[in-house]
2 protein chains.
Amino acid sequence: MPYDPSAFPPFAVTVDLVVLTVRRHALCALAVRRGEPPFQGRWALPGGFVRADEDLAQAAARELAEETGLRAHDPSTPAQDNGAHLEQLATYGDPKRDPRMRVVSVAHLALAPDLPAPRAGGDASNARWAPVEELLQQGGYGRDGEPVAPLAFDHAQILADGVERARSKIEYSSLATAFCPTEFTVGELRRVYEAVWGVALDPRNFHRKVTGTPGFLVPTGGTTTRQGGRPAQLFRAGGATLLNPPMLRPEV
Amino acid sequence: MPYDPSAFPPFAVTVDLVVLTVRRHALCALAVRRGEPPFQGRWALPGGFVRADEDLAQAAARELAEETGLRAHDPSTPAQDNGAHLEQLATYGDPKRDPRMRVVSVAHLALAPDLPAPRAGGDASNARWAPVEELLQQGGYGRDGEPVAPLAFDHAQILADGVERARSKIEYSSLATAFCPTEFTVGELRRVYEAVWGVALDPRNFHRKVTGTPGFLVPTGGTTTRQGGRPAQLFRAGGATLLNPPMLRPEV
DNA sequence: ATCATAGTCGTCTTCCTGACGATAAACACT
DNA sequence: AGTGTTTATCGTCAGGAAGACGACTATGAT
């Protein structure tokens, strides 16, 4: 078939972000309140249109910076600075996912250490970190007893897919360090795994596993006592990106 | 920002397919010859525009049927019929990836058993199964001494990503059975792993592993001798989709 | 001083894997 | 019929990794 510019329907292309962090022992995602219809007033994932001259990864990094101030580091340059990890998640293109028009959204997954405070266009009341279970429970009641509306569009599905990606990826990669600040302790890293997986891990076996995996952790020499108890060694993320053998997620 | 239909640039959205199969002990991908510019005469991955009323998965299934005659089975209805496995791979949206216009391509990965013959719009000379190493080597010479042109667009990258996805996914899932016909032997399944990974596996340990994993293989009672040697038991794919513990890919 | 908390080192058992010997059942020869 | 070849299948053994859990250490709180 010859090339015919009228042969294809026009689409709008957006990027949506699943930004995850660990706060107070819970896996949290960034949500923004929608200011206009459709779904006005409802919570949604941050995102926006891809510009005409922009790559998808660039658009995702730009949105991430606009919403959180985080720089994304290039995936080819792993965890050195305290920028966020950013990767493409999946693409959602149901014809009816946006009632206004045909929109294809390329969702991205970002993992960040605990941050001071979200900012959505300068208005803090329109952005928040919320535990993912709270955002995913449809039509229930939140911790404060307020009714919880489901996320706008198909964002509950996107968030669920992003959480599942994070849960499986920390098994066989060193990605859990993306949730930690530059220097962290073994206990802090363990609490990341526990929050993301929602399980309790044996501190002794965990310590043996992570310190025994070459390239995973690099001791910085310092110690800290910010968690109480005996001072703990401080580590930085090592160069290894793949864990072999993987960290095993407990059954059930 | 209020909704403004002129606020976003229009995109064309396509699906491209990485269709993999195992033929003659080699991992092969389906390639089609381009009939029009750009890249006229070069080999490319099959694909096409997403229609206005079509979901992305529907578009991919339609293209797969057009190119190969294969029905894709729904991911929620695993390996029963001899349809192909189809899943979304990744999305490619570099502004310059298509010189004509802004095209975002949602690549999909399909795994199929060895098929009679490809058909691309009825013209067999414009479609072929080629070993992935042959398609991925840039500017070398093929088995027959002819110069090999690299794949059109960014399809070499897409193919490489698809192959990598397949290689890693057969580690921890029962997806390797998607390369096999409905009934197959342990040896045939082993040859799938060997072709996809490009390694030799110990037949005895492989046999112990796959027959010892509950839900992976279901004996059908029959035997076959189509490989020569002692008759082998026939199996069908069991209901299990996740392999735990995974099949280990040898180092090197 | 005592307790609570968190970190770190060991031990033991169990399971899984890799290496590899041995047997079984077909076919192709001579 | 006998012999060799090929593929399938069962068994054995050693090494490594993980789960369960005891023991000890170093802080702060009471």
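Each chain gets a letter, A, B and so on, in the order its sequence line appears, and its residues count up from 1.
Using a distance-only test at 3.5 Å, with no hydrogens or angles considered, no donor-acceptor pair links the side chain of A:Gln227 to the main chain of A:Glu188. Between the side chain of B:Thr21 and the main chain of B:Pro113, a donor-acceptor pair closer than 3.5 Å is present. With B:His85 contributing its side chain and B:Leu111 its backbone, the two residues share no donor-acceptor pair below 3.5 Å. A donor-acceptor distance shorter than 3.5 angstrom exists from the side chain of A:His155 to the backbone of A:Leu45, with no hydrogens or angles considered.
Two residues, B:Leu248 and B:Thr225, neighbour DNA chain C, and the one matched to the more 5' nucleotide by heavy-atom proximity is B:Leu248. With the nearest nucleotide of DNA chain D identified for both A:Lys209 and A:Pro231, A:Lys209 has the one nearer the 5' end. Along DNA chain C, the nucleotide nearest B:Met247 and the nucleotide nearest A:Arg230 are compared for position; the residue whose nucleotide lies closer to the 5' end is A:Arg230.
Rounding to whole angstrom units, CZ of residue B:Phe206 and C1' of C:dA19 are separated by 17 Å. One can place CZ of A:Arg190 at 12 Å from C1' of C:dT5, the figure rounded to the nearest angstrom. Rounded to whole angstrom, the span from the CD atom of A:Gln227 across to the P atom of C:dG7 amounts to 7 Å. The distance between atom CZ of B:Arg226 and atom C1' of C:dA25, rounded to the nearest whole Å, is 17 Å. In this structure, the CG atom of A:Leu201 is 15 Å from the P atom of C:dA6, given to the nearest Å. Atom CD in B:Glu171 sits about 13 Å away from atom P in C:dT17, given to the nearest Å. As a whole-Å value, the separation of B:Asp202 CG from C:dG21 C1' is 11 Å.
A cation-pi arrangement is present between A:Arg128 and A:Trp43 under the rule of less than 6.0 angstrom and at most 45 degrees off the ring axis.
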Going through the distances and angles, do A:Tyr92 and A:Asp16 end up as a side-chain hydrogen bond (donor to acceptor under 3.5 Å, both in side chains)? CA-CA 10 Å; A:Tyr92 301 81; A:Asp16 286 324; over 6 Å; no
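Of the listed residues (B:Arg191, B:Arg23, B:Arg24), just one forms a salt bridge (charged side-chain N to carboxylate O under 4.0 Å, His left out) with B:Asp114, and that residue is B:Arg23.
Taking a heavy-atom distance under 4.0 Å as the criterion, the stretch of DNA chain D touched by chain B extends 5' to 3' from D:dT6 to D:dT12.
Judged by distance alone with a 3.5 Å cut-off, no donor-acceptor contact links the side chain of A:Arg208 to the base of C:dG10.
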